[in-house]
Amino acid sequence: MPSLLSGLTRLSGLLPNTAPWRNSRDFRLTWTSGTVTMLGSIFTMTAIPLQIAHLTGSPLAVGAVGAVELAPVILFGLYGGVLADRADRRTVALVTEIALAGLSALLLANALLGTPAVWPLYVAAGVTAALQGIQQPSLDAMIPRLVPHGQLVAAGALLSLRGSIATVAAPAAAGLLIAGAGVPWAYLIDLVTFLVSIALLARVRPVPSERDAEAPQLREFIEGARYAARRPDLMGTYLADLAATAFALPTALFPFLAEELDAVWALGLLYSAAAVGSLLAAATGGWTERVHRHGRLVLLSVALVGAATAAAALAPNLWTVLICLALAGAAHWIGDTFRGAIWNQSIPDELRGRAAGLEMLIGTAGPALGDLRAGGLAARQGILASLRTGGLLCLGGAAVLSASFPSLWRYDQRTHAQHTHGQEPHGQEPHEQEPQPAEPAH
């Protein structure tokens, strides 16, 4: 019996810490709202390319959706970062959520026409990308104001768990629904989930800016970029994310990799393998709160992503490839968790929105550059060579970053992290709030 209790205790230590969800009403509402939105949005993200393929029969027309989305995300993500430091972050998130619901209604109306038009699909994709670019920095910048400083790592792990669950479950459900009931149902589900999300966000307390409300200006973004440039540890986290996404996890290769493995039927498994690994890591991520050297874990995770991706190119069969991709996904989750902890714990609140805009820029550019690199190299050297080279470049990038950014390698939350102006988080239930020890000066 004692050994059983000991085993259960060790197992419970791996489970995610749900204290932010339990203790902060506003984090609970925001987390649930985001989960509902994410699940519904995946239905639309699955339906748009399928509908374009059905209406045009052109792979180029389907691929053009990504090009339509890229520029708005980058441009409006930068604007959204400035806006998040000027306006009430809850209001920005709520207004954009209402606008996104309107787009889902328009897509539904178009799908119900006798002959749906193609152009509204591109317009909706581009405007959706712009609205998400405006919204995401405000949502990210809200988190340090909603939970206690000591629970930010746990909050980040819960947010990552939400994304992993949605990425694993929703695409398969969306495919089955569209195949069985048709495209309009996917847009209807997305619209309904937006309405639920709006109702939840409306209950979140305002998260106003501490600065005077002024029109966002280019110099405001430049100020945020200069702050990041003055912090080598912060720049190291951005470049670590870029190395992992630009060199490894190349989803553009998966259709060709399935053919290379003589397993075209397993294409869906290749796409979901990294998400499954990420979900497993998130579900057993309770250990992350006991780690203080966050920068070291960021760099080691990039190395593991690269090693797992290179190993996938050498794997003897499909199942070994899937295991390698799952390991890469788990390592990427670890990197995301500790990058988020560094960002949330050490960036001042008045700069948090602009920092989130930079994060969005890197997060969007990395996968796009990665697919371009992987596809170009595969055309010259072959699929497995491209996969192997990308993994080795990622592994080498981790070594270069470790040597070039020693402050990131040495980063320790006990000595580097700082409170965001010592504010009490919004939505904290007083009887459940845990006392926080004083933090050392930055």
Side-chain angles (χ1 to χ4, degrees), residues 36-77 95-136 166-199 251-252 254-256 258-259 264-268 270-272 275 364 367-368 371-372 375:
V36 172
T37 292
M38 193 175 296
L39 290 170
S41 295
I42 289 177
F43 278 79
T44 289
M45 290 165 57
T46 305
I48 286 180
L50 286 176
Q51 192 176 16
I52 292 176
H54 175 72
L55 294 173
T56 67
S58 168
L60 180 60
V62 175
V65 174
V68 168
E69 293 173 335
L70 183 57
V73 165
I74 294 175
L75 293 175
F76 286 90
V95 170
T96 49
E97 196 80 349
I98 293 170
L100 287 166
L103 284 174
S104 292
L106 292 175
L107 285 170
L108 175 60
N110 181 63
L112 292 173
L113 295 175
T115 305
V118 175
W119 65 265
L121 303 177
Y122 290 106
V123 171
V127 176
T128 296
L131 289 170
Q132 289 175 339
I134 294 173
Q135 182 189 67
Q136 195 61 49
T167 306
V168 170
L176 290 174
L177 177 73
I178 293 170
V183 166
W185 281 94
Y187 297 137
L188 178 61
I189 287 178
D190 193 20
L191 176 58
V192 171
T193 58
F194 270 126
L195 296 178
V196 173
S197 176
I198 289 167
T251 56
F254 288 166
F256 307 99
E259 293 182 4
V264 177
W265 57 271
L267 177 59
L270 291 172
Y271 277 122
S272 62
T364 302
D371 284 345
L372 182 63

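Values below: all heavy atoms of this structure, side chains included; hydrogens, waters and symmetry mates excluded.
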Euclidean distance, [Y] [atom2] relative to [X] [atom1], rounded to 0.5 Å:
X    : Y    : atom1 : atom2 : answer
I189 : I42  : CD1   : CD1   : 12.5 Å
L112 : Y187 : CG    : OH    : 10.5 Å
L191 : L100 : CG    : CG    : 11.5 Å

side-chain hydrogen bond (donor to acceptor under 3.5 Å, both in side chains) filter on T96, not counting sequence neighbours, yields Q135
Contact check, side chains of [X] and [Y], non-hydrogen atoms, under 4.5 Å:
X    : Y    : answer
L107 : I48  : yes
L106 : V123 : no
L55  : L121 : yes

Would you name the heavy atoms of [X] and [Y] that are closest together and state the gap between them?
X    : Y    : answer
Q51  : P116 : NE2-CB, 3.7 Å
A186 : T44  : O-OG1, 4.4 Å
A47  : V183 : CB-CG1, 4.2 Å
L108 : P184 : CD1-O, 3.3 Å

Residue M38 excluded, over 12 heavy atoms near CE under 6.0 Å:
yes
Decide if atom CZ of F194 counts as having more than 12 heavy atoms of other residues, nucleotides or ligands within a radius under 6.0 Å. yes
query = Would you say the side-chain atoms of S197 pair up with the backbone N or O of T193, donor to acceptor, closer than 3.5 Å?
reply = no
